[in-house]
**Student:** 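Below you will find the structure I want to go over with you.
These figures come from a predicted structure and were not determined experimentally. Lettering of chains follows the sequences in order, A, B, ..., and the numbering in each one begins at 1. Below, each value reflects all heavy atoms present in this structure, side chains not excepted, and no hydrogens, waters or symmetry copies.
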2 protein chains.
Amino acid sequence: MLIGEFAEAVGSTKDTVRFYTRLGLLVAGERTAGQRTYAVYDEDQVDRFVFIAQCKALGFTLDEIGNGLREHEAGTLTESRQQEILEAKLRSIEERIAALRQAEKKLRAKVERSGA
Amino acid sequence: MLIGEFAEAVGSTKDTVRFYTRLGLLVAGERTAGQRTYAVYDEDQVDRFVFIAQCKALGFTLDEIGNGLREHEAGTLTESRQQEILEAKLRSIEERIAALRQAEKKLRAKVERSGA
DNA sequence: CTTGACTGTTGACCATGGTCCACACCCTAC
DNA sequence: GTAGGGTGTGGACCATGGTCAACAGTCAAG
């Protein structure tokens, strides 16, 4: 399908799809028409887009997702490697939570001081 | 003092100080020399910079800090207003923590699924 | 009088994840 | 043949918080 239909199918926009394609997160086929070529996306790319969206929801950046997909393509994305990546992200999330908690604690102290 | 000394005093860089000054977070005096004027910072600005740094550590953006400082200058930054701002930030921090926790939960589920 | 240190202005650049715009081409329907 | 809808490319632009580089003026020391 062409980009418009694809974007519609995954609930995104053509611009975002082009952006992901430029980043190599999605792979488009080509259809020539006159002197022009149009990008064509198949069902695999729909799955891929859904996967990307899920990873994003888990806190991965597009860059990290791209690396993961490349590892997958290269065949180096073993179970243990996946485990490793997930756990690393888990740790970084925990770190961010801890940092926010620190700020929260300080804020609470301030609120109590000025509110008391 | 001139910008270099000031930046040194607050443990920052000249570029950052200029950046904050452009944003109106810091206010510089002027000293003319020849056809040029140099920015001059006094002790008040040191305190101000320290305050900004503390706010940043609490999770406020420079924009929010600027608004707070302007309210302070306008005399509308009452105790209750401060309380309000701190509590709003507290809420937004809690929201972010909750969002990260969601991601964490999903990640843990994934880790356990693939690890089991 | 020249060198070096300091400063100012302007504007580009970094990452992040897009969004939007103009311009040009393609195909179909009328 | 022309309008309308779709598409592609290139580039600008948004927020966020700076960072860096080029160019030019100032000032003190040697």
**Student:** Should B:Thr16 be listed as having a side-chain N or O under 4.0 Å from OP1 or OP2 of D:dT19?
**Tutor:** yes
**Student:** Indicate for each nucleotide in nucleotides 12-17 of chain C, in 5' to 3' sequence, whether protein heavy atoms under 4.0 Å reach the base (B), only the sugar-phosphate (S), or nothing (-).
**Tutor:** -----B
**Student:** Determine which pairs satisfy side chain to side chain donor-acceptor pair (under 3.5 Å) with at least one residue from residues 35-53 of chain A, sequence neighbours left out, and list them in order.
**Tutor:** A:Thr21-A:Tyr41, A:Arg48-A:Glu73
**Student:** Closest heavy-atom contact between A:Glu30 and A:Val40?
**Tutor:** C-CG2, 4.2 Å
**Student:** In whole angstrom, what separates B:Arg31's CZ from D:dC27's P?
**Tutor:** 11 Å
**Student:** Could you list the donor-acceptor pairs under 3.5 angstrom formed by side chains in residues 90-97 of chain B, with sequence neighbours left out?
**Tutor:**
{"from": "B:Ser92", "atom 1": "OG", "to": "B:Lys89", "atom 2": "O", "distance (Å)": "3.1"}
{"from": "B:Glu94", "atom 1": "OE2", "to": "A:Arg108", "atom 2": "NH2", "distance (Å)": "2.5"}

**Student:** Specify the residue among A:Thr13 and B:Ala39 whose closest nucleotide of DNA chain C lies further upstream toward the 5′ end.
**Tutor:** B:Ala39
**Student:** With sequence neighbours excluded, what pairs up with A:Asp63 under the salt bridge (Lys or Arg N to Asp or Glu O under 4.0 Å) test?
**Tutor:** none
**Student:** Of the non-hydrogen atoms in A:Ala39 and A:Leu2, which two are nearest, and what is the gap between them?
**Tutor:** O-CD2, 3.5 Å
**Student:** B:Arg81: which residues meet the salt bridge (Lys or Arg N to Asp or Glu O under 4.0 Å) condition with it, sequence neighbours left out?
**Tutor:** B:Glu71, B:Glu84
**Student:** Which whole-number value in Å describes the distance from B:Lys14 NZ to D:dA21 C1'?
**Tutor:** 13 Å
**Student:** At under 4.0 Å between heavy atoms, how does the protein contact nucleotides 21-28 of chain C? Give one character per nucleotide, 5' to 3', with B, S or -.
**Tutor:** ---BBSS-
